[in-house]
Amino acid sequence: MKALVTGGAGFIGSHLCDYLTSQGHQVTVLDDLSTGSKENLAQLAAAPNFEFVEGSILDTALVDKLVGSCDTVFHLAAAVGVHTIVDKPLESLRVNLHGTENVVEAAARHGARIMVASTSEVYGKNDADGLTEDADRILGSPLKSRWSYAAAKGLDELVAYVYGKETGIPTVIVRFFNIVGPRQTGRYGMVVPRFVSQALANEPITVYGDGTQRRCFGSVFDVVPAVVKLMDTPAAYNQAVNLGGMEEISIRGLAERVIELTGSSSTIEYIPYEKAYGEGYEDMRRRMPDTSLAKKLIGYEPTRRLDDIINSIIEAKQA
Ligand SMILES: NC(=O)c1ccc[n+]([C@@H]2O[C@H](COP(=O)([O-])OP(=O)(O)OC[C@H]3O[C@@H](n4cnc5c(N)ncnc54)[C@H](O)[C@@H]3O)[C@@H](O)[C@H]2O)c1
């Protein structure tokens with residue numbers, strides 16, 4: 001495979017690059033280093049089958065050139081994290097809308113296979129017991145910047161889907177549900193690395209809201225091979241596929257697990273959403289994936305438990 005990984009200097013993207021290069025594939029990364037970093041790829045710097053290009057997915061000519069020299073595109077570049085989206089709504093929207101359109105258009109022009117990274121955020125406030133891929137989307141007003149990420153990712157899916165249908169390029173949409181692991185940064189609002197850093201520093205763990213909201217966390221080491229398998233599975237083309245873990249926990253419960261596993265003396269501090277994210281912020285009470293489609297397509301079965309995931313982050317932060 002000659003793969004282009006957009007957003008390859010980021011958290012999931014860098015693990016995907018490790019995996020692809022270890023399998024002998026040729027990998028090129030396009031990343032503007034806005035939330036990613038070169039350190040995430042330092043281990044690959046000398047690899048003969050790896051190349052890093054610093055640039056933006058908004059640069060149409062560059063995207064066209066790089067996509068044209070690959071046969072498979074893993075499109076992960078995006079403005080991510082609640083803080084990024086709320087603090088820079090216009091820039092985030094441009095990257096998440098126009099950037100994706102650029103990448104998908106180039107894939108269609110060059111006949112490359114493409115995987116587009118989407119998110120459980122597209123389900124919005126739907127708190128069903130196991131969200132299947134055809135579940136309804138329940139979103140707040142598009143004028144609340146909190147929902148702009150979900151709105152843009154929903155359109156990204158549509159762009160990928162329609163291009164796939166009309167041009168015949170193999171297209172897979174992957175909806176990630178709270179993926180966690182080493183290299184994820186807490187700086188842009190990601191909860192597990194933020195809690196682990198606070199616990200290791202014995203600082204109060206700041207839980208936004210009352211902590212009763214429930215989530216499932218998936219390991220990056222489970223989802224990366226799954227993404228590559230889906231790209232090689234024609235039955236997955238032109239489908240959206242959920243990927244994540246099924247073990248559900250409240251955010252307060254997560255804070256308690258992190259305190260226990262780090263042996264920290266941290267206390268838990270509850271911060272109102274308005275104080276954390278500004279006026280009018282809405283959260284969803286629960287988000288739980290149904291991953292039976294991934295199981296049917298590729299035999300996907302998450303193997304890492306939440307404690308394993310938290311421990312892997314603790315170890316990485318202590319290294
Ligand atoms: N981590 C999760 O739990 C999760 C959940 C749902 C969806 N996703 C999706 O998975 C993908 C990867 O997310 P991540 O968690 O690794 O985040 P990340 O921030 O670590 O990775 C995103 C990468 O995209 C790069 N980028 C941003 N704008 C760019 C631009 N204009 N041009 C080129 N590169 C640009 C960033 O520098 C970064 O390296 C994203 O599309 C995200 O929406 C992630």
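We count residues from 1, following the sequence as given. Heavy atoms only: backbone and side chains are in, while hydrogens, waters and symmetry mates are out. Every number for a ligand or one of its atoms is a count from 1 in the order of the listing.
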Return yes when [X] approaches ligand 1 closer than 4.0 angstrom through a heavy atom, no otherwise.
X	value
Glu121	no
Tyr149	yes
Ile57	yes
Ala9	yes

Output the list of atoms in ligand 1 that are nearer than 4.0 Å to some heavy atom of [X], sorted by atom number.
X	answer
Val95	28 (N), 31 (N)
Gly55	32 (N), 33 (C)
Gly7	23 (C), 24 (O), 25 (C), 39 (O)
Ser34	26 (N), 27 (C), 28 (N), 36 (C), 37 (O)
Ser118	6 (C), 7 (C)

Please indicate whether any nitrogen or oxygen in [X] is less than 3.5 Å from any nitrogen or oxygen in ligand 1.
X	result
Thr119	no
Val80	no
Ile12	yes
Ser120	no
Gly10	yes
Leu76	yes
Gly36	yes
Met190	no

Heavy atoms only: which of [options] lies closest to [atom]?
atom	options	result
atom 31 (N) of ligand 1	Ala79, Ala78, Ser56, Gly99	Ser56
atom 29 (C) of ligand 1	Thr100, Asp32, Asn40, Val192	Asp32
atom 9 (C) of ligand 1	Phe177, Phe11, Phe176, Phe74	Phe176

Side chain or backbone of [X] under 4.0 Å from ligand 1, or both, or neither, by non-hydrogen atoms?
X	value
Asn178	backbone
Phe217	neither
Lys153	side chain
Leu33	backbone
Ser37	neither

### Message
Go through it in stages, so that I can follow the logic: the residues are Glu282 and Arg146, the test is salt bridge (Lys or Arg N to Asp or Glu O under 4.0 Å), and I'd like the CA-CA distance, side-chain angles, deciding distance and then a yes or no.
### Response
CA-CA 8 Å; Glu282 295 177 287; Arg146 191 257 176 277; over 6 Å; no
Do any N or O atoms from the side chain of [X] and from the backbone of [Y] form a donor-acceptor pair under 3.5 angstrom?
X	Y	value
Asp222	Arg304	yes
Tyr237	Met231	yes
Thr262	Ile259	yes
Ser56	Leu58	yes
Glu203	Ser266	no
Gln213	Gly211	yes

Hey, is [X] close enough to [Y] for a salt bridge, meaning N to O under 4.0 Å?
X	Y	answer
Glu121	Arg175	no
Arg252	Asp210	no
Arg257	Asp307	yes
Arg109	Asp64	yes

#### Entry: Hydrophobic cluster partners of Met246 (side-chain heavy atoms under 4.5 Å)
none
### Task
Would you sort out whether Thr291 and Leu243 count as a side-chain contact (heavy atoms from CB on, under 4.5 Å), showing the intermediate values?
CA-CA 6 Å; Thr291 54; Leu243 285 183; 5.8 Å; no
### Query
Should the ring pair His15 and Phe221 be called parallel, tilted or perpendicular, given that the plane angle runs from 0 to 90° and is split at 30 and 60?
perpendicular
### Query
Yes or no on salt bridge (Lys or Arg N to Asp or Glu O under 4.0 Å) for Arg183 and Glu39, after CA distance, side-chain angles and deciding distance?
CA-CA 9 Å; Arg183 299 185 197 150; Glu39 290 100 81; over 6 Å; no
